[in-house]
Amino acid sequence: MKKALKRPIILIILAQCFYQPLLAQLNTDRPSQSDNSYTLKPGSFQHENGFQINAVENTPAKVNYTGTLPYSLFRLGVIKGFELRMATAINRDPEGAPSPFGLADVELGTKIQILKNVAWISHLGLPTGNSKFSNGKLFSAHKVSATIGSERSAFIFNSGVRFLTNPVTNQREQIWLTTIVGSRNINKSTSVFGEVFISQNALGKGANRITTWQPGFDVGFASKLSDNSQIDFSYGYIKDAPFVNLGFSWGAFTKKNLKRRRLITPDF
C-alpha cells in the first residue's frame, strides 16, 4: 500500500515542477510604458536599461530617427513598501545641435506602495542635461499604478502627469499619460504583453491653452537570462510614429530576499 501511494505523490511533485507559474527574483518596471505596483525589498538594487529608436521621418531617400541610447533607471529598496529611484538617459536628436547625442536631465524619485496592489511614484527632474536635451528648469512627474491579476496573468493600470516649463515657449506644460497593459506568463522564463495608452499634452493656460492627444500601443516580451537578469523587446506606435525598444536589466539582492518573483506583475 505504501509503495502504491508513492507514485501519485511523485507525479504531483513533477507536475508542480513543470507547470509552476513564471517566477523570478528580478521584477522590473520594463518593458511596457507602465510601471508596476511592486516596490523592491529593503537592501535590493536594480538597474534597468532601455534602448529606444523612434522613427520621425520616412522618405524614399532616408529614415531619420530620435531615441534614447539608453534610458537608465536605478532602483534601491530602503524599507518595506518604499524605494528610491534615479533615472537619466543619453538622447539622440539630429536636428539643431552640433552633436546629435546628449545627456538628458537627471530625475530623482520614490515609489511608495500605499496598498497591497497600488503604488504611488513621484520623480523630481533636475536641469543637469546638455543644453539641447535639458528642460532648463525643475520639473516633476507623478503617477499611480494599480494591478489586478493572478500568478500567470495580470492587468496593470497607470495614470500620471508631468509638470514642466516648455523650453521653447517658456509656457507651463502638462503631459498626462494613461496606460493599460495585460501580461501573460507563457513559461518559466518568458512573459508577453500588450498595451494601449493615450497621452494628452496641455500647453499654456486659459484661452491660449493648446491641447493635443496622442494615442498609441505596444506589444512585446521579457525573458529571464537568470534570476537576476532580464532582456526584453517591444514594438509600438504613438500617434503615427513607430518605435522599437530593446532592454537589459539586472539586480543584486540580499540573501534574506531569496523569494522568487513573477515577471512584470508585482507581488500580491
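- Taken from CG in Leu26 to CD in Gln46, the straight-line distance is 4.0 Å, to the nearest 0.5 Å.
- In the hydrophobic clustering of ILVMFWY residues, with side-chain heavy atoms under 4.5 Å counting as a link, Val192 and Val244 come out together.
- Checking side-chain atoms of Gln113 against main-chain N and O of Ser37 turns up a donor-acceptor pair under 3.5 Å.
- Scanning all heavy atoms of the two residues, the minimum distance from Ala104 to Thr88 falls at O-OG1, 3.4 Å.
- Linking ILVMFWY residues whenever their side-chain heavy atoms come closer than 4.5 Å, directly or via other members, places Phe101 and Ile53 in the same cluster.
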With side chain to side chain donor-acceptor pair (under 3.5 Å) as the criterion, how do Ser183 and Ser191 come out once you've worked through the C-alpha distance, each side chain's angles and the decisive distance to 0.1 Å?
CA-CA 7 Å; Ser183 68; Ser191 175; 4.7 Å; no

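- Counting only distance, with no hydrogens or angles, the side chain of Lys111 and the backbone of Asn36 share a donor-acceptor pair below 3.5 Å.
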Is there a side-chain contact (heavy atoms from CB on, under 4.5 Å) between Ser229 and Phe248 once you walk through the steps?
CA-CA 7 Å; Ser229 63; Phe248 173 76; 4.3 Å; yes

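- For Pro31 against Ala222, the heavy-atom pair with the smallest separation is CD-CB, 4.2 Å.
- Using modelled atom types, one finds no donor on one side chain facing an acceptor on the other under 3.5 Å when comparing Lys41 with Asn27.
- Atom CD1 in Ile156 sits 10.5 Å away from atom CG in Asn117 (nearest 0.5 Å).
- In this structure, CG on Asp227 lies 11.0 Å from OG on Ser189, to the nearest 0.5 angstrom.
- In the hydrophobic clustering of ILVMFWY residues, with side-chain heavy atoms under 4.5 Å counting as a link, Ile79 and Val118 come out together.
- In this structure, CZ in Phe155 is found 12.5 Å from CD in Glu195, a value given to the nearest 0.5 Å.
- The minimum heavy-atom distance between Leu84 and Thr110, with the atom names listed, is CD2-CG2, 3.9 Å.
- Below 30°, between 30° and 60°, or above 60°: for Phe197 and Phe243 the angle between ring planes is between 30° and 60°, a tilted geometry.
- Under the ring-ring contact (aromatic ring centres under 6.0 Å, His included) criterion, the residue pairs touching residues 69-95 are His47-Phe74, with sequence neighbours excluded.
- Nearest heavy-atom pair across Thr178 and Ser159 is OG1-OG, 3.5 Å.
- Under the 4.5 Å side-chain heavy-atom criterion for grouping Ile, Leu, Val, Met, Phe, Trp and Tyr, Leu138 is not connected to Phe163 through any hydrophobic cluster.
- Of all the heavy atoms in Thr128 and Ser134, the pair that sits closest is N-OG, 4.3 Å.
- A side-chain donor from one of Trp120 and Ser122 sits under 3.5 Å from a side-chain acceptor of the other.
- The stretch residues 71-90 participates, sequence neighbours left out, in these salt bridge (Lys or Arg N to Asp or Glu O under 4.0 Å) pairs: Asp29-Arg75, Asp29-Arg85, Asp35-Arg85, Glu48-Arg75, Arg75-Glu83, Glu83-Arg85.
- The CD1 atom of Ile90 sits 6.0 Å away from the CG atom of Leu103 when rounded to the nearest 0.5 Å.
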Residues 231-238, side-chain donor-acceptor partners within the protein, below 3.5 Å, at least two apart:
| from | atom 1 | to | atom 2 | distance (Å) |
| --- | --- | --- | --- | --- |
| Asp232 | OD1 | Arg30 | NE | 3.4 |
| Asp232 | OD1 | Arg30 | NH2 | 2.7 |
| Asp232 | OD1 | Gly247 | N | 3.2 |
| Asp232 | OD2 | Arg30 | NE | 3.1 |
| Asp232 | OD2 | Gln230 | NE2 | 3.4 |

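- Note: the hydrophobic cluster containing Ile114 also contains Val78 (ILVMFWY, side chain heavy atoms under 4.5 Å, direct or indirect links).
- Among Asn158, Val196, Ile198, Asp218, the one residue that satisfies the side-chain contact (heavy atoms from CB on, under 4.5 Å) test with Thr179 is Asn158.
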What verdict does the side-chain contact (heavy atoms from CB on, under 4.5 Å) test give for Thr165 and Asn170, after you've listed the backbone C-alpha separation in whole Å, the side-chain angles of each residue and the deciding distance to 0.1 Å?
CA-CA 6 Å; Thr165 301; Asn170 207 35; 3.5 Å; yes

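- Here Ile175 is tied into one hydrophobic group with Phe139, Leu164, each link being a pair of ILVMFWY side chains closer than 4.5 Å.
- When all heavy atoms of Asn49 and Pro70 are compared, the pair lying nearest together is OD1-CG, 4.1 Å.
- Residues meeting the ring-ring contact (aromatic ring centres under 6.0 Å, His included) test with Phe45, sequence neighbours left out: Trp250.
- For the pair Lys137 and Pro127, the minimum side-chain heavy-atom distance is 4.5 Å or more.
- Between the side chain of Asn187 and the backbone N or O of Thr190, at least one donor-acceptor pair lies under 3.5 Å.
- In this structure, Asp105 contributes its side chain and Gly129 its backbone to a donor-acceptor pair below 3.5 Å.
- Ser34 contributes no side-chain N or O that, together with a main-chain N or O of Val181, makes up a donor-acceptor pair within less than 3.5 Å.
- Using a 4.5 Å cut-off on side-chain heavy atoms (C-beta onward), Leu76 and Leu40 make no contact.
- The side-chain tip of Arg92 points at the ring of Tyr65 from less than 6.0 angstrom away and within 45° of straight on.
- Annotation: the span from Ile121 atom CD1 to His142 atom NE2 amounts to 12.0 Å, rounded to 0.5 Å.
- Applying the salt bridge (Lys or Arg N to Asp or Glu O under 4.0 Å) test to Glu107 and every residue at least two apart in sequence or in another chain returns Arg162.
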